2 protein chains.
Amino acid sequence: MDKVEYNLDQVDLQILRIMQQNARTNNADVARELGMAPSAILERVKKLEQKNVLLEYNARVNPEALDQKMLSFIFIKSHDNIGDQRIGLLLAEIPEVLEVHDIAGDDGYLIKVRTSDSGGLVDLMRNTLSQIDGIVSTRTTIVLETVKEDHKLVIP
Amino acid sequence: MDKVEYNLDQVDLQILRIMQQNARTNNADVARELGMAPSAILERVKKLEQKNVLLEYNARVNPEALDQKMLSFIFIKSHDNIGDQRIGLLLAEIPEVLEVHDIAGDDGYLIKVRTSDSGGLVDLMRNTLSQIDGIVSTRTTIVLETVKEDHKLVIP
DNA sequence: CATGAAATAATAATTTC
DNA sequence: GAAATTATTATTTCATG
């Protein structure tokens, strides 16, 4: 594993704070807020992108507007050997599967899934998950209501 | 609960697709890609924001760069009565807690937490979670490796 | 990291379909 | 009513100090 040095100073952290809050903030506004020249900010943002500190810019779309109201977490027990990620990679290919985490404990994955409704979830499990060879069992947790869903990291 | 009509046409869905992929795509580029006038796109984007279809624009920051390498999911059993969300709201206030979901089954929440390391997780549980009155028990699942973490919805 | 000039984009008003 | 055009203002970008 490559040890990477990020070396972020206070200005970098402030840029991250602003961009995490609103990724569409234009460069001139960031510069104004930080009391610096726009060109200096632009250069830093590009460096942050190059250094893989700023990964991507997403618009968050209301799942309800796309009729994807149902959210579930599924624990998947697998036969993957330690270090192997075959099943994890297959799970990651499913568009409805938003997250795949390799978890400690009894060899398995935790996945986060969005479907239109319980029918969509059943379909996914019957038609897609069941096709993956090596899945031993699944345990599904259904979300009734999401109180917070936000991916903003704590910036020191 | 207000029943909202979103009424998205193909152009709207394409805009969402582009913005979900890269929220910093400028208006002129979206217009070019869709073969429409910039003003028409701008108006649609504003309407999508007003209608709460486009919720917000986030920059995804590399957790490693901010020394937040540890990810955990914690199941929290609570004494919240049905419909009550006191504990959920308290959990949502904790900055390290990125998601709080009210889950079906045995009265509780599933939360997603990012900390620097296992020490940070222990601190959070000892100093913050333990202060919340009404939490009966917790069960923690530790993520060894994230294979996919992406919040792009499936757009029809 | 700042400056300044040229290229490009955003925005608002107006017109057209 | 939605989209295109136009004109004005603002921002990005890049060479240079």
Side-chain angles (χ1 to χ4, degrees), chain A residues 4-68 151-153 155-156, chain B residues 2-62 64-67 151-153 155-156:
Chain A
V4 190
E5 269 311 328
Y6 292 102
N7 269 335
L8 307 178
D9 67 10
Q10 275 306 118
V11 177
D12 290 326
L13 293 179
Q14 297 227 57
I15 291 173
L16 295 180
R17 236 174 252 125
I18 293 168
M19 298 296 271
Q20 214 182 211
Q21 206 61 36
N22 179 9
R24 301 214 63 171
T25 312
N26 67 42
N27 193 53
D29 282 345
V30 178
R32 260 190 289 277
E33 208 167 324
L34 303 187
M36 288 174 68
S39 58
I41 301 297
L42 188 67
E43 216 174 320
R44 278 170 180 267
V45 170
K46 282 186 176 165
K47 270 187 194 143
L48 290 169
E49 288 169 350
Q50 275 166 17
K51 288 196 283 188
N52 258 279
V53 176
L54 277 170
L55 298 177
E56 54 173 6
Y57 307 101
N58 297 140
R60 276 169 58 79
V61 177
N62 188 343
E64 210 185 299
L66 296 175
D67 192 38
Q68 282 170 249
H151 305 98
K152 300 186 184 78
L153 302 181
I155 300 186
Chain B
D2 309 16
K3 175 70 184 165
V4 190
E5 270 310 329
Y6 293 102
N7 268 336
L8 307 178
D9 66 11
Q10 275 306 119
V11 177
D12 290 325
L13 294 178
Q14 298 227 56
I15 291 173
L16 295 179
R17 237 175 251 126
I18 294 169
M19 298 296 272
Q20 213 182 213
Q21 206 62 38
N22 179 6
R24 300 215 65 173
T25 310
N26 67 41
N27 192 54
D29 282 345
V30 178
R32 261 191 287 277
E33 208 167 323
L34 302 187
M36 288 175 69
S39 58
I41 301 297
L42 188 67
E43 216 175 319
R44 277 170 180 267
V45 170
K46 282 185 176 165
K47 270 188 193 146
L48 289 169
E49 288 169 349
Q50 274 166 17
K51 287 196 283 187
N52 259 277
V53 176
L54 277 169
L55 298 176
E56 54 174 5
Y57 306 101
N58 297 138
R60 275 168 60 78
V61 178
N62 188 343
E64 209 185 299
L66 296 175
D67 192 39
H151 305 98
K152 299 186 185 77
L153 302 182
I155 298 187

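The shown structure was predicted, so the numbers you read here are calculated from the model rather than taken from an experiment.
- Put simply, CZ on A/Arg44 is 17 Å from P on D/dT12, counting in whole angstrom units.
- With distances taken from any side-chain atom of B/Ala37 to the nucleotides D/dA2, D/dT5, C/dA2, the minimum falls on D/dT5.
- A donor-acceptor contact shorter than 3.5 Å links the side chain of B/Arg17 to the backbone of B/Pro156.
- Between the CD atom of B/Glu43 and the P atom of C/dA12 there is a distance of 11 Å, given to the nearest Å.
- The nearest whole Å value for the distance from the CD1 atom in B/Ile41 to the P atom in D/dA4 is 8 Å.
- Stem regions for DNA chain C, each three or more consecutive Watson-Crick or G-U pairs with both distances under 3.5 Å and listed by first number, read C:2-17 with D:1-16.
- Residues B/Leu42 and B/Asn27 share a closest heavy-atom pair of N-OD1, 3.4 Å.
- One interatomic measurement links the two molecules: CG of B/Leu42 to P of D/dA4, which rounds to 13 Å at whole-angstrom precision.
- Contact detail for A/Leu153 and B/Val61: the closest heavy-atom pair is CD1-O, 3.5 Å.
- What you find for A/Ala31 and A/Ala37 is that their closest heavy atoms are CB-C, 3.9 Å.
- Remark: A/Arg24 does not engage A/Asp29 in a salt bridge, criterion side-chain N to carboxylate O under 4.0 Å.
- Looking at B/Ser39, its side chain comes within 3.5 Å of the base of D/dT5 through a donor and an acceptor atom.
- Applying the 4.0 Å criterion to OP1 and OP2 of C/dT11, one finds that B/Lys46 has every side-chain N and O outside that range.
- Taking the side chain of B/Pro38 as heavy atoms from C-beta on, and the options C/dT3, D/dA4, C/dT11, the nearest nucleotide is C/dT11.
- Between A/Met19 and A/Thr25, the closest heavy-atom pair is SD-O, 4.4 Å.
- Contact check on B/Lys152 versus A/Glu56 returns a salt bridge, with a Lys/Arg side-chain nitrogen under 4.0 Å from an Asp/Glu carboxylate oxygen.
- Listed in residue order, the members of residues 16-36 of chain B having a heavy atom less than 4.0 Å from DNA chain D are B/Met36.
- Atom CD in B/Gln10 sits roughly 17 Å away from atom P in D/dA2 (whole-Å rounding).
- Residues B/Asn7 and B/Lys51 share a closest heavy-atom pair of O-NZ, 4.1 Å.
- Under the 4.5 Å side-chain criterion, counting only non-hydrogen atoms from C-beta, A/Leu8 is in contact with B/Leu66.
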